[in-house]
Amino acid sequence: MIGKRVLETDPIPLVQVKPMLEEREEVHELNYEQNLALDHVTKFAKISVENAEKLVGELEEIIKKTQAIKIADVMPEDMDDMRLIFAKERGSHKKEEMEKILKIVDKYRENEE
């Protein structure tokens with residue numbers, strides 16, 4: 001990686017990584033780390049790409065984009081999961097705010113079943 005540098009970074013939901021890696025796999029063989037990432041995404045992606053984008057968009061009205069993406073990746077089921085996600089974040093989130101986030105997440109979880 002000598003001579004290369006990061007021009008920009010933009011966090012994306014886990015489910016958006018799968019199509020990127022599959023597209024790259026068609027062009028040439030994936031390296032070890034990319035194969036591990038594809039395996040991880042296949043096992044742990046819980047919603048579709050479209051629903052992930054909608055969920056992140058809805059959550060961005062309440063919280064930061066990075067937090068919204070983390071929630072879309074984990075799809076928390078209860079308040080304990082929510083507390084774990086926000087444990088390292090600065091500032092505290094109100095209980096009502098976290099309940100509202102859970103309701104939004106549940107709406108997208110039901111769409112996937």
Side-chain angles (χ1 to χ4, degrees):
M1 289 278 178
I2 296 176
K4 295 192 177 190
R5 61 186 171 147
V6 176
L7 299 176
E8 66 178 273
T9 60
D10 188 32
I12 59 172
L14 187 65
V15 294
Q16 287 184 346
V17 174
K18 186 176 181 179
M20 290 177 184
L21 288 173
E22 288 173 342
E23 183 179 304
R24 187 177 181 109
E25 189 175 36
E26 291 174 6
V27 177
H28 57 80
E29 190 175 331
L30 299 178
N31 65 29
Y32 177 72
E33 289 85 3
Q34 291 167 334
N35 273 320
L36 286 177
L38 182 59
D39 184 49
H40 178 81
V41 169
T42 304
K43 288 179 183 176
F44 295 106
K46 299 182 180 183
I47 60 175
S48 67
V49 175
E50 298 81 21
N51 280 346
E53 290 172 359
K54 290 177 190 175
L55 175 59
V56 169
E58 246 183 273
L59 291 174
E60 274 186 291
E61 297 172 7
I62 304 169
I63 55 178
K64 294 185 282 186
K65 183 176 182 176
T66 54
Q67 294 170 332
I69 290 172
K70 195 180 299 183
I71 288 171
D73 289 345
V74 176
M75 295 295 286
E77 296 181 6
D78 54 26
M79 289 299 283
D80 292 334
D81 293 344
M82 290 293 294
R83 285 189 199 95
L84 287 172
I85 290 172
F86 291 119
K88 288 189 172 184
E89 300 290 332
R90 285 195 168 157
S92 60
H93 293 278
K94 297 180 183 119
K95 184 178 179 182
E96 299 82 28
E97 188 177 75
M98 288 198 278
E99 288 172 349
K100 185 175 180 184
I101 292 169
L102 275 176
K103 285 180 185 174
I104 294 170
V105 170
D106 285 341
K107 179 173 69 172
Y108 285 93
R109 186 185 341 274
E110 290 169 4
N111 288 343
E112 289 298 317
E113 294 174 353

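Numbering of residues begins at 1 and proceeds along the displayed sequence. In this text, all values refer to a predicted model and were calculated from it rather than measured experimentally.
- In this structure, D81 and V74 have side chains that are not in contact, with every pair of non-hydrogen atoms separated by 4.5 Å or more.
- By the 4.5 Å heavy-atom criterion applied to side chains, V49 and P19 are counted as neighbours.
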_Assess the residue pair E25 and Q34 against the criterion (side chain to side chain donor-acceptor pair (under 3.5 Å)); give the C-alpha distance rounded to whole Å, side-chain angles, the decisive distance to 0.1 Å, and a yes or no._
CA-CA 9 Å; E25 189 175 36; Q34 291 167 334; over 6 Å; no
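- Residues V17 and F44 fall within the same hydrophobic cluster, defined by Ile, Leu, Val, Met, Phe, Trp and Tyr side chains chained together at heavy-atom separations under 4.5 Å.
- Between I47 and A72, the closest heavy-atom pair is CD1-O, 4.4 Å.
- A single hydrophobic cluster is not seen to contain both L14 and V56; linkage of ILVMFWY side chains at heavy-atom distances under 4.5 Å, directly or through other members, places them apart.
- With values rounded to the nearest 0.5 angstrom, K54 atom NZ is found 6.5 Å from Y108 atom OH.
- We find the CD-NE2 distance between E33 and H40 to be 14.5 Å, quoted to the nearest 0.5 Å.
- Looking at D10 and K65, a side-chain N of the basic residue comes within less than 4.0 Å of a carboxylate O on the acidic one, giving a salt bridge.
- In summary, R83 and D80 engage in a salt bridge, as defined by a charged side-chain N under 4.0 Å from a carboxylate O.
- Side chains of V15 and D73 form no contact here, defined as non-hydrogen atoms less than 4.5 Å apart.
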Next item on the list: Report the C-alpha distance between N35 and L21 in whole Å, list the side-chain angles of each, state the deciding distance to 0.1 Å, and finish with yes or no for side chain to side chain contact (heavy atoms under 4.5 Å, CB included).
Entry: CA-CA 8 Å; N35 273 320; L21 288 173; over 6 Å; no
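- Note: the hydrophobic cluster containing I69 does not contain M75 (ILVMFWY, side chain heavy atoms under 4.5 Å, direct or indirect links).
- Between M98 atom CE and I62 atom CD1 the span is 12.5 Å, to the nearest 0.5 Å.
- Here the CD1 atom belonging to I101 is positioned 12.0 Å from the CG atom belonging to D106, to the nearest 0.5 angstrom.
- Checking E53 against Q16 by side-chain atom types alone, a donor-acceptor pair falls below 3.5 Å.
- Under the 4.5 Å side-chain heavy-atom criterion for Ile, Leu, Val, Met, Phe, Trp and Tyr, L102 and F86 are members of the same hydrophobic cluster.
- A continuous path of Ile, Leu, Val, Met, Phe, Trp and Tyr side chains, each step under 4.5 Å between heavy atoms, connects M20 with V41, placing both in one hydrophobic cluster.
- The structure places CD of E22 at 6.0 Å from CG of L38, a figure rounded to the nearest 0.5 Å.
- Residues satisfying the side chain to side chain contact (heavy atoms under 4.5 Å, CB included) test with K95, not counting sequence neighbours, are M79, E99.
- Nearest heavy atoms, P76 versus I85: CG-CD1, 3.8 Å.
- Nearest heavy atoms, P11 versus T66: CG-CG2, 3.9 Å.
- How far CG of L59 is from NZ of K64: 14.0 Å, rounded to the nearest 0.5 Å.
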